[in-house]
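Please read the structure below before turning to the comments.
Residue numbers count from 1 along this sequence. Fair warning: this is a prediction, and the values are worked out from it, not measured in the lab. Any value given below was found using the heavy atoms of this structure, including those in side chains, with hydrogens, waters and symmetry copies removed.
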Amino acid sequence: MNVKSFLKLVELPTKVASMIPFTLGTLYALYRFDHFEVLNFALMLISLLSFDMATTAINNYYDFKKASKTSGYGYETHNPIVHFKLKEFTVVATIFTLLLLAVGGGIALVSQTGILVFLLGGLSFLIGILYSFGPIPISRMPLGELFSGLFMGFVIIFISAYIHSGDSVIYLQFQGGWATLGIHWPELLYMFWFSVPAILGIAGIMLANNICDIDDDLENRRYTLPVYIGRQNALLLFSLLYYCSYADLIVLLILGIHPLLVLALLLTLIPLRRNIAAFRIKQEKASTFILSVKNFVLLSTARIAVLALAIVLDALL
């Protein structure tokens, strides 16, 4: 396996779906709690990126093993294992290596932060594996958008903020056989509302992918959300996800979670609506699926820029 085939196997460009929430959570901690831990940041980066690549490789491997239709719709091109003629042993070894890196980084992070990160990280690992593996993977059910959105859009943001902010939002202690859980509900709700655009944007990527694959999924017995609700309803949902994201940004401004600079984000609605319209006209993996990724990256990077600018301004003033 060379570098090119490895990058295709793990679909590196799609890692923005985890790296952007990670960056947003880090900036949230800086903006809201004015704290940053370099070591914790590095450990979570290693663990998160390795695990995200591993789950993508597992998904490609599982599709390779389970595909019932292997010709006539670009299977030889779409699946990197087939396209690059990768050996099964090499693919499995790569998956296990990435999982070891993810687990090692995660354990080191838990030693720095505490049991709560272990519980949330362990649950995320479990959902990530079940998303692509098992008797009925989550990706083959109408729950993929929900699970991917919540875990990649909210849990990643929460953990990446928590590792810097400590017990400012939640604390979990074990002492004398007792477990004590404390939750600062307003802060937790603020963090959830902050995460909504990321939750919906990631769900939108998964939804667009499944809309493009409706016919192939039926052939391969993958009963995703668009298969259940139909193409037109799925396209309507695709549009609503983004408009709800902008409504949430206004709520965040009213709550004081986002700075006034967030109003500049409304400008991104112009190219985003253009991308939505183009996708509604044609849903094709090779040409228009990327528009869902562009929408997510567009809105998210604009939020990152706004938060980073607000942090710099606070430091200077």
**Q.** Donor-acceptor contact below 3.5 Å, side chain Gln283 vs main chain Phe279
**A.** yes

Q: May I ask you to check whether His164 and Tyr28 place their ring centers less than 6.0 Å from one another?
A: no

(Q) Rounded at 0.5 Å granularity, tell me how far CG in Leu249 sits from CD1 in Ile257. (A) 12.5 Å

**Q.** Minimum heavy-atom distance between Ala102 and Ser47, given as atom pair plus value
**A.** O-OG, 2.7 Å

Q: Assess whether ring pair (Phe, Tyr, Trp, His ring centres under 6.0 Å) is satisfied between Tyr171 and His184, documenting all intermediate values.
A: CA-CA 9 Å; Tyr171 70 86; His184 193 283; over 10 Å; no

Q. Among the clusters formed by ILVMFWY side chains lying less than 4.5 Å apart, do Phe174 and Ile183 turn up in the same one?
A. yes

Q: Measure across Pro80 and Lys8 and return the closest heavy-atom pair with its distance rounded to 0.1 Å.
A: CG-O, 3.7 Å

Q.
Can you confirm whether Thr224 sits close enough to Asp213 that some side-chain heavy atom of one is under 4.5 Å from a side-chain heavy atom of the other?
A. no

Q.
Is there a path of hydrophobic side-chain contacts, each under 4.5 Å between heavy atoms, that joins Leu299 and Leu266?
A. yes

Q. Is there a donor-acceptor contact under 3.5 Å from the side chain of Ser300 to the main chain of Val297?
A. no

Q. Are any non-hydrogen side-chain atoms of Leu120 and Tyr162 less than 4.5 angstrom apart?
A. no

Q) For the residue pair Phe36 and Phe41, does the interplanar ring angle fall in the parallel (under 30°), tilted (30 to 60°) or perpendicular (over 60°) class? A) tilted

Q) What is the minimum heavy-atom distance between Phe84 and Ser5, and which atoms define it? A) CG-CB, 3.7 Å

(Q) Using a 6.0 Å cut-off, check whether atom OH of Tyr243 has over 12 heavy atoms from anything other than its own residue. (A) yes

(Q) Using side-chain heavy atoms (C-beta onward) and a distance below 4.5 Å, is Leu9 in contact with Ile81? (A) yes

Q | Thr288 side chain to Lys282 backbone, donor-acceptor under 3.5 Å | A | yes

Q: Determine whether Val196 and Val251 make a side-chain contact, defined as any pair of heavy atoms from C-beta on separated by less than 4.5 Å.
A: no

Q. Between Lys294 (side chain) and Pro271 (backbone), is there a donor-acceptor pair under 3.5 Å?
A. no

Q) Is the number of heavy atoms from other residues, nucleotides or ligands within 6.0 Å of CZ (Arg231) greater than 12? A) yes

**Q.** Over all atoms of both residues, closest heavy-atom pair of Ser160 and Gly25
**A.** OG-CA, 3.2 Å

Q.
Is there a side-chain contact between Phe118 and Ile107 in this structure, where contact means two heavy atoms from C-beta onward sitting under 4.5 Å apart?
A. no

Q. Taking Asn210 for the side chain and Met206 for the main chain, is one N or O donor matched with an acceptor at less than 3.5 Å?
A. yes

Q.
If you compare all heavy atoms of Leu99 against all heavy atoms of Ala54, which two are closest, and at what distance to 0.1 Å?
A. CD2-CB, 3.7 Å

Q: Check the surroundings of atom CG in Asn233: do more than 12 heavy atoms from other residues, nucleotides or ligands lie under 6.0 Å from it?
A: yes

**Q.** Closest contact, heavy atoms only, Ser124 versus Phe51
**A.** O-CE2, 3.9 Å

Q. Do Glu88 and Tyr61 come within less than 4.5 Å of each other through their side chains, counting heavy atoms only?
A. yes

Q | Non-hydrogen side-chain atoms of Lys285 and Asn209 separated by less than 4.5 Å | A | yes

**Q.** Side chains of Ser165 and Arg32, donor plus acceptor under 3.5 Å
**A.** no

Q | Val293 side chain near Pro13 side chain, heavy-atom distance below 4.5 Å | A | no

Q. Are Ile46 and Leu100 connected in the hydrophobic side-chain network, where two residues link if heavy atoms are under 4.5 Å apart?
A. no

**Q.** Interatomic distance, Asp314 atom CG to Tyr31 atom OH [nearest 0.5 angstrom]
**A.** 6.0 Å

Q: Consider only side-chain heavy atoms of I, L, V, M, F, W and Y, link residues closer than 4.5 Å, and tell whether Met19 and Leu101 are in one cluster.
A: no

Q. Do Phe125 and Leu109 sit in the same hydrophobic cluster, where Ile, Leu, Val, Met, Phe, Trp and Tyr count as joined when their side-chain heavy atoms come under 4.5 Å apart?
A. yes

